Asker: 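There's a structure below that I have some questions on.
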Amino acid sequence: MAEITLIEAVTQALAWEMGADERVLVLGEDVGVNGGVFRATLGLQERFGRDRVIDTPLSETLIAGMAIGMAAQGLRPVAEIQFMGFIYPAIDQMLNHASRLRNRTRGRLSCPMVLRAPFGGGIHAPEHHSESTEALFAHIPGLRVVIPSSPARAYGLLLAAIRDPDPVIFLEPKRIYRMLRESVPDNGEAFPLDTCYLLREGDDLTLVTWGAMTRETLAAAEALAGEGISAEVIDLATIKPLDSETILESVAKTGRCVIVHEAARTCGVGAEVAAVLGEEGLFSLMAPVQRVTGFDTVMPLYRLEDEYLPSEARVLQAAHRTLEYR
Amino acid sequence: MAEITLIEAVTQALAWEMGADERVLVLGEDVGVNGGVFRATLGLQERFGRDRVIDTPLSETLIAGMAIGMAAQGLRPVAEIQFMGFIYPAIDQMLNHASRLRNRTRGRLSCPMVLRAPFGGGIHAPEHHSESTEALFAHIPGLRVVIPSSPARAYGLLLAAIRDPDPVIFLEPKRIYRMLRESVPDNGEAFPLDTCYLLREGDDLTLVTWGAMTRETLAAAEALAGEGISAEVIDLATIKPLDSETILESVAKTGRCVIVHEAARTCGVGAEVAAVLGEEGLFSLMAPVQRVTGFDTVMPLYRLEDEYLPSEARVLQAAHRTLEYR
Amino acid sequence: MKQVAQFAIDYWQYLDSDGRPLDELPGFARDPDEMIAMYRALWSTRLFDRKAIVLQRTGQLGTYASPLGQEAIGVGVGYAMSSGDVLVPGYRDQAAQFVRGVRMTDILLYWGGDERGMDFAVAREDFPISIPVGSHACHAVGIAYALQLRKEPRAAVCTLGDGATSKGDFYESLNAAGVWRLPLVFVVNNNQWAISVRRSAQSAAQTLAQKAIAGGVRGEQVDGNDLVAVRSRLEEALALARAGEGPTLIEALSYRMGDHTTADDARRYRSQAELEAQAGFDPILRMRAWMTSAEYWSDRQEEALHLELSAQVEAAVREYLRMSPQDRQSMFDHLYETLPAAYVSQREELADTAAEAEEPYLKAGTYDG
Amino acid sequence: MKQVAQFAIDYWQYLDSDGRPLDELPGFARDPDEMIAMYRALWSTRLFDRKAIVLQRTGQLGTYASPLGQEAIGVGVGYAMSSGDVLVPGYRDQAAQFVRGVRMTDILLYWGGDERGMDFAVAREDFPISIPVGSHACHAVGIAYALQLRKEPRAAVCTLGDGATSKGDFYESLNAAGVWRLPLVFVVNNNQWAISVRRSAQSAAQTLAQKAIAGGVRGEQVDGNDLVAVRSRLEEALALARAGEGPTLIEALSYRMGDHTTADDARRYRSQAELEAQAGFDPILRMRAWMTSAEYWSDRQEEALHLELSAQVEAAVREYLRMSPQDRQSMFDHLYETLPAAYVSQREELADTAAEAEEPYLKAGTYDG
Ligand SMILES: Cc1ncc(C[n+]2csc(CCOP(=O)(O)OP(=O)(O)O)c2C)c(N)n1
Ligand SMILES: Cc1ncc(C[n+]2csc(CCOP(=O)(O)OP(=O)(O)O)c2C)c(N)n1
Ligand SMILES: [Mg+2]
Ligand SMILES: [Mg+2]
């Protein structure tokens with residue numbers, strides 16, 4: 001079986017599900033003949049036609065809003081926002097409508113839609129193309145927010161997101177779109193949502209992360225192993241709802257936790273993880289929880305973006321700080 | 001001196017500053033002859049003219065976006081969003097532009113604007129009129145987010161917000177717009193931003209809150225006093241940037257902390273406060289940090305809204321839970 | 001310099017303000033039963049409206065938006081639509097919703113702060129009303145797209161106000177509907193006001209119908225207080241929509257005779273004189289005058305109708321007032337199809353916490369929104 | 001039924017595609033120096049553009065958006081504007097920015113990932129490029145409002161693309177500009193494509209100029225490859241704006257001869273034949289043909305011009321490549337006027353952390369955006 005990249009896994013999942021379920025369709029800017037600017041929808045229009053692979057006008061509010069109408073009609077729209085930097089005009093639709101259509105109609109109507117967007121820094125893209133603002137969506141009741149960190153999880157989680165009966169924000173870490181390959185059987189098997197994925201077992205400390213930062217975090221864990229320190233690495237994968245049990249169990253074992261994310265620190269999803277630990281895991285904590293995050297600044301243009309993004313070195317620093325407490 | 005309500009204090013601050021600084025102007029829906037749906041801008045158009053008290057078309061993206069253009073031109077726009085439920089189309093402008101105009105131009109242009117909006121539940125308003133989503137803004141680098149909880153602080157903080165050289169989101173807890181009166185000298189004196197306000201001193205535990213929930217929190221502190229428990233009450237007031245020092249000092253003294261907010265729990269500003277405590281105050285904590293918040297559900301229509309909002313009873317329960325740890 | 005494009009906006013009216021036909025009337029007007037049914041619908045909305053305002057004033061209903069004087073738009077929309085069409089309404093479209101089969105009790109529940117008012121027993125594909133102005137136009141695009149994709153001879157109708165035409169989401173929707181030639185009709189109730197902002201302050205466009213031109217969409221004006229004209233133009237637009245001829249924007253000219261909502265006091269910003277000048281254009285009086293002259297209708301029938309409809313309204317109100325509130329845990333029951341494990345404990349916490357004794361009605365009218 | 005409103009869209013052109021005057025030319029065309037200056041500006045943009053693409057291809061510049069074939073729009077805008085006017089540009093408006101005095105080095109710095117490229121030494125009230133398509137239209141409204149409020153005889157110009165006309169923020173801005181009769185000119189560079197989406201898939205409107213009708217605003221088309229026409233229509237619109245006659249929307253018809261950006265490969269979605277069909281409409285060839293026939297310009301001058309401008313471009317490139325990156329702490333230095341205490345420790349943390357050795361240029365072209 002050929003090994004594929006994360007972005008190819010996204011395409012593979014879309015193609016599988018469109019083939020299996022004619023209610024599924026794709027819409028967004030340049031998703032048609034161009035296959036999306038990252039090629040996530042490559043070949044889909046040829047295969048499934050222009051009616052189901054829809055190039056929209058340049059209108060992000062519309063993209064989200066019409067997906068809601070489609071979903072209410074029983075379709076399974078997968079809408080693409082070209083970059084997360086352009087998702088903000090869609091927040092109104094996601095917050096005021098998608099997240100609550102089922103609730104407000106007491107289940108009469110529902111909103112099984114997926115809103116996909118590439119996000120995060122590190123590819124030296126232009127201004128407004130590199131932010132990570134998943135926390136905005138994680139705060140909105142009624143939504144799911146899912147972030148894959150490997151080709152296999154991209155495939156399995158996207159299938160799950162499309163099949164989920166409620167709205168899902170599916171954020172794709174574009175820095176690792178093509179960074180690694182693995183073989184991903186095209187078998188239509190979804191992965192579970194609402195659960196963390198354990199990327200590495202360990203006893204000495206817990207590293208919690210998601211998305212592209214799994215790379216630096218795993219690298220840090222490897223480096224720590226070289227020092228004889230055994231780090232557990234947890235990929236949140238679904239950041240809303242949060243599987244706090246897995247995190248709490250891990251920290252109950254290790255007593256130490258470093259949270260790593262690209263987004264700005266203040267009110268990032270790391271804060272929620274830390275809060276859960278402070279509420280429900282306080283007495284297992286042997287050291288202060290550390291957050292290694294993007295800074296509370298505007299994401300700089302690309303010359304300085306590597307200074308902004310958490311590095312393996314910063315993760316290691318934090319891990320060491322955590323381990324100093326005895 | 002007459003005693004005034006919080007909403008009157010807002011009007012008083014606007015009138016003062018418009019009188020003192022001709023660069024200040026007000027814009028929004030129905031802010032003109034109608035004086036705003038809550039009367040925040042009552043009488044301003046008569047006094048300062050239609051050019052400086054501007055009824056806009058029904059266009060929230062425009063309201064925020066044109067304020068940015070005005071601010072860049074040296075004006076000091078105070079833009080009103082009629083209810084926070086309609087602020088979301090303005091997020092794109094605040095996140096992608098207002099928050100970074102100074103930064104991206106290396107200080108050549110800046111954005112001294114205020115975006116005001118009434119927020120929160122408890123007045124039995126229609127759907128979409130009662131949410132508290134301050135956390136969305138608190139996550140955005142480059143913004144300030146300010147929430148007054150008394151007439152005096154509304155006056156002093158709004159003046160400070162207008163005079164601040166950077167963009168400020170000013171959220172007004174509408175439940176207490178007319179709930180209490182105090183005398184607020186109309187002297188043009190601003191209150192400091194970026195600092196918490198200590199509403200009540202105490203030694204046994206720290207209650208952290210902001211906005212309308214200061215009422216229930218103070219009431220709980222009073223009830224605790226009756227039981228011989230001395231609670232310190234901190235009003236964050238500026239939720240971004242967060243004055244964590246004041247909180248840490250208080251918790252260093254009390255060892256216990258309950259955070260109270262109306263917004264949904266997950267990724268609310270309470271998470272950030274809890275995270276800061278877990279990072280920098282871990283060893284003062286004698287009990288898990290408790291969050292008493294709105295639930296992670298859609299804000300219900302008004303028949304059930306009082307069940308959604310944190311009550312004095314829920315604050316007391318949490319306080320007692322916290323005090324059980326010895 | 002050469003001219004490369006020309007456009008024109010037409011205005012439609014069948015009955016003048018005294019109910020005199022200006023032209024040959026459309027076919028449905030020759031069917032007395034049909035006309036009487038429509039006339040009933042006007043009155044049932046108006047009587048409902050009167051009662052709802054009383055309920056609000058007496059603390060038995062929350063903020064409520066009255067369609068007073070604009071009932072012909074909703075009734076016309078409702079009668080032009082087939083049951084298989086989908087309505088995506090604003091908050092002032094009770095008249096259309098009633099014709100579609102939404103119960104008065106539902107509308108009361110909604111403004112009474114109870115989500116069950118959005119769980120319609122019929123018209124189950126219709127959207128509940130949209131409070132965020134203009135935002136529902138996008139939903140209508142998605143719905144119309146679904147109908148078109150499935151090649152169903154159905155159409156969607158989206159109703160909104162003059163103020164809503166200033167919103168970007170309305171425009172994005174209009175434009176997209178044009179691109180895909182969707183089976184979608186936008187109906188703008190131009191009642192001249194958006195709360196305190198008059199039509200002229202909302203846009204320099206001399207008509208709102210011409211907004212359609214920006215999307216390459218058909219646009220026209222209709223006298224919104226002329227029920228015959230509204231229904232007729234809607235039927236035409238819907239027929240075109242179902243036949244694959246694409247969307248239409250219809251601006252229905254009317255006037256908001258009441259306050260914006262019960263939380264508003266329009267005397268603050270508009271003159272009594274302006275209001276009085278509109279009194280002669282009432283859509284119900286106009287229909288009655290014509291129906292009387294056509295000998296479809298008598299004073300005796302009028303009296304009986306009021307008695308009958310008032311009883312219906314009273315029954316709905318009784319049902320509304322009798323309904324006990326939902327369980328507090330209900331706020332978790334429809335959040336997701338299956339409540340995620342992460343929130344189960346919150347649901348339990350909620351069930352455990354006894355809130356203070358609760359007063360389910362509106363607190364003092366502290367705002368206008 | 002009666003007609004209540006009529007509209008028409010005009011199309012303006014002065015030089016045909018071979019540079020032959022179609023009409024009496026505007027006054028400025030009789031001034032050889034002025035025309036030569038404009039012609040220089042066309043070429044300096046084009047030579048800059050060629051160089052920028054080379055820099056990107058060789059890993060010395062990030063993603064970059066070429067204005068190839070559309071230079072006349074920017075130059076016309078730049079020359080029509082007074083220095084006191086304010087430009088609110090998109091990302092494909094280098095030509096206008098250069099005329100306004102923005103340095104080539106600044107544009108290189110911007111696409112080279114360095115914020116200092118937005119700190120213009122002149123035109124200091126002009127906005128930097130807006131990447132979020134359409135969003136800057138709102139800023140232009142605010143700027144124009146400020147100019148009008150202060151009764152200054154100045155105007156704002158907002159440039160955007162055909163794709164941007166589908167955005168709600170563009171429409172909200174257009175509509176508001178109409179309401180307040182603001183001194184504001186919207187210039188739509190209709191280059192027929194928004195990345196891979198053709199003009200016809202963007203809107204069913206037969207012209208983009210007619211979008212103006214939705215806001216009650218003047219709208220017209222101009223041949224965007226005819227520099228004389230662009231400047232002339234802009235001058236007219238700006239004169240009206242400054243005279244209190246309100247906003248204008250000008251659709252400048254052109255064609256995107258290059259890829260969307262250096263990250264795009266247009267061959268994926270458009271045919272070679274379509275591209276070739278456009279080759280004869282080049283704005284520079286057209287100007288040169290006319291200038292030659294008017295005896296304003298010779299082949300000898302042309303040669304000298306290329307040498308001179310190439311040297312200028314090279315100098316700018318050298319300056320760009322010589323600039324050392326900003327301190328990493330700079331990312332906190334302009335975040336607020338004064339860095340709040342809460343973030344001081346983050347700034348220190350940043351200063352302390354040595355990031356891995358850094359490669360400041362674009363990583364492989366993994367996307368098109
Ligand atoms: C997006 C949004 N902004 C503001 C409001 C507050 N608001 C409610 S109704 C209204 C005026 C709407 O006017 P119009 O569209 O003409 O409809 P009408 O109420 O006249 O029927 C406003 C500003 C809202 N509900 N939604
Ligand atoms: C709001 C927003 N959505 C999407 C994008 C990604 N994007 C960049 S340019 C572009 C196409 C713009 O087309 P047009 O307005 O015609 O301008 P052109 O590039 O042709 O000059 C898109 C979709 C963006 N920058 N902003
Ligand atoms: Mg109206
Ligand atoms: Mg274009």
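As the structure is a computational prediction, the values presented were derived from the model and not from experiment. Order of the sequence lines sets the chain letters (A, B, ...), proteins ahead of strands, with each chain counted from 1.
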Asker: Check each atom of B:N103 against the heavy atoms of chain D and say whether the ones under 4.5 Å are side chain, backbone, both or neither.
Answerer: both

Asker: For chain D, which residues from residues 86-97 of chain B lie under 4.5 Å away (heavy-atom distances)?
Answerer: B:D92, B:Q93, B:N96, B:H97

Asker: Pick one of side chain, backbone, both or neither for D:L174, based on which atoms fall under 4.5 Å of a heavy atom in chain B.
Answerer: neither

Asker: So which of B:S99, B:S59, B:P141 has the largest heavy-atom pair count under 4.5 angstrom toward chain D?
Answerer: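 Of the candidates given, the most pairs with chain D belong to B:S59.
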
Asker: Strictly less than 4.5 Å between heavy atoms, which residues of residues 81-107 of chain D line up against chain B? Please order them by number.
Answerer: D:V86

Asker: Test side chain to side chain contact (heavy atoms under 4.5 Å, CB included) on D:E125 and B:Q73 and set out the steps.
Answerer: CA-CA 7 Å; D:E125 292 177 45; B:Q73 273 291 315; 2.9 Å; yes

Asker: Please state whether the side chain, the backbone, both or neither of D:F120 comes within less than 4.5 Å of a heavy atom of chain B.
Answerer: both

Asker: Could you give the distance from CG (B:L62) to CG (D:N175), rounded to the nearest 0.5 Å?
Answerer: 8.5 Å

Asker: Should the heavy atoms of other residues, nucleotides or ligands under 6.0 Å from CD of B:E46 be counted, would the total exceed 12?
Answerer: no

Asker: Rounded to the nearest 0.5 Å, how far apart are CZ of B:R108 and CZ of D:R124?
Answerer: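 Reported value, rounded in 0.5 Å steps: 6.5 Å.
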
Asker: For D:W180 and B:T56, what are the C-alpha separation, side-chain angles and deciding distance, and is it a side chain to side chain contact (heavy atoms under 4.5 Å, CB included)?
Answerer: CA-CA 9 Å; D:W180 295 308; B:T56 65; 4.0 Å; yes

Asker: Tell me, out of B:L143, B:D194, B:L25, B:D164, who's got the most heavy-atom pairs with chain D below 4.5 Å.
Answerer: B:L143

Asker: Need one label for B:I54: side chain, backbone, both or neither, based on atoms under 4.5 Å from any heavy atom in chain D.
Answerer: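 For B:I54, the side chain is the part near chain D, not the backbone.
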
Asker: If I compare all heavy atoms of D:E337 with all of B:P165, which pair ends up nearest, and what's the gap?
Answerer: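 Here D:E337 and B:P165 meet closest at OE1-CG, 3.4 Å.
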
Asker: Pick from D:Y343, D:Y110, D:Y171: which one has the most heavy-atom pairs with chain B under 4.5 Å?
Answerer: D:Y343

Asker: Taking side chain as everything from C-beta outward and backbone as N, CA, C, O, which of these in D:F127 sits under 4.5 Å from a heavy atom of chain B? Side chain, backbone, both or neither.
Answerer: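 Its backbone and side chain both get close to chain B.
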
Asker: If you check every heavy atom in residues 241-249 of chain B against those of chain D, which residues fall under 4.5 Å?
Answerer: B:P241, B:L242

Asker: Top residue by heavy-atom pair count (under 4.5 Å) with chain B, among D:D126, D:D169, D:D333?
Answerer: D:D126

Asker: Calculate, to the nearest 0.5 Å, the distance between atoms CE and SG belonging to B:M70 and D:C138 respectively.
Answerer: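 Atom-to-atom, B:M70:CE and D:C138:SG are 12.0 Å apart.
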
Asker: Using a 4.5 Å heavy-atom cutoff, which residues in residues 142-154 of chain D come close to chain B?
Answerer: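 So far as heavy atoms go, D:G142, D:I143, D:Y145, D:A146, D:L147, D:L149, D:R150, D:R154 are the residues that approach chain B to under 4.5 Å.
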
Asker: Relative to chain B, which of D:A342, D:P128, D:S130 shows the most heavy atom pairs under 4.5 Å?
Answerer: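 Between D:A342, D:P128, D:S130, the count favours D:P128.
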
Asker: Below 4.5 Å, heavy-atom pairs only: which of B:M66, B:E60, B:E22, B:R23 has the largest tally toward chain D?
Answerer: B:M66

Asker: Kindly determine whether D:L335 and B:R102 satisfy side chain to side chain contact (heavy atoms under 4.5 Å, CB included), including the steps that lead there.
Answerer: CA-CA 7 Å; D:L335 186 61; B:R102 176 190 297 282; over 6 Å; no

Asker: Any chance you could measure D:E172, atom CD, to B:T61, atom OG1, to the nearest 0.5 Å?
Answerer: 4.5 Å

Asker: Where do D:H334 and B:G107 come nearest, in terms of heavy atoms and distance?
Answerer: ND1-N, 3.7 Å

Asker: When rounded to the nearest 0.5 angstrom, what distance separates CZ in B:R106 from CD in D:E115?
Answerer: 4.5 Å

Asker: Which atoms of D:D119 come close to chain B, meaning under 4.5 Å heavy atom to heavy atom: side chain ones, backbone ones, both, or neither?
Answerer: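 Interface part for D:D119: both.
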
Asker: Less than 4.5 Å to any heavy atom of chain D: does that hold for the side chain of B:L193, its backbone, both, or neither?
Answerer: neither

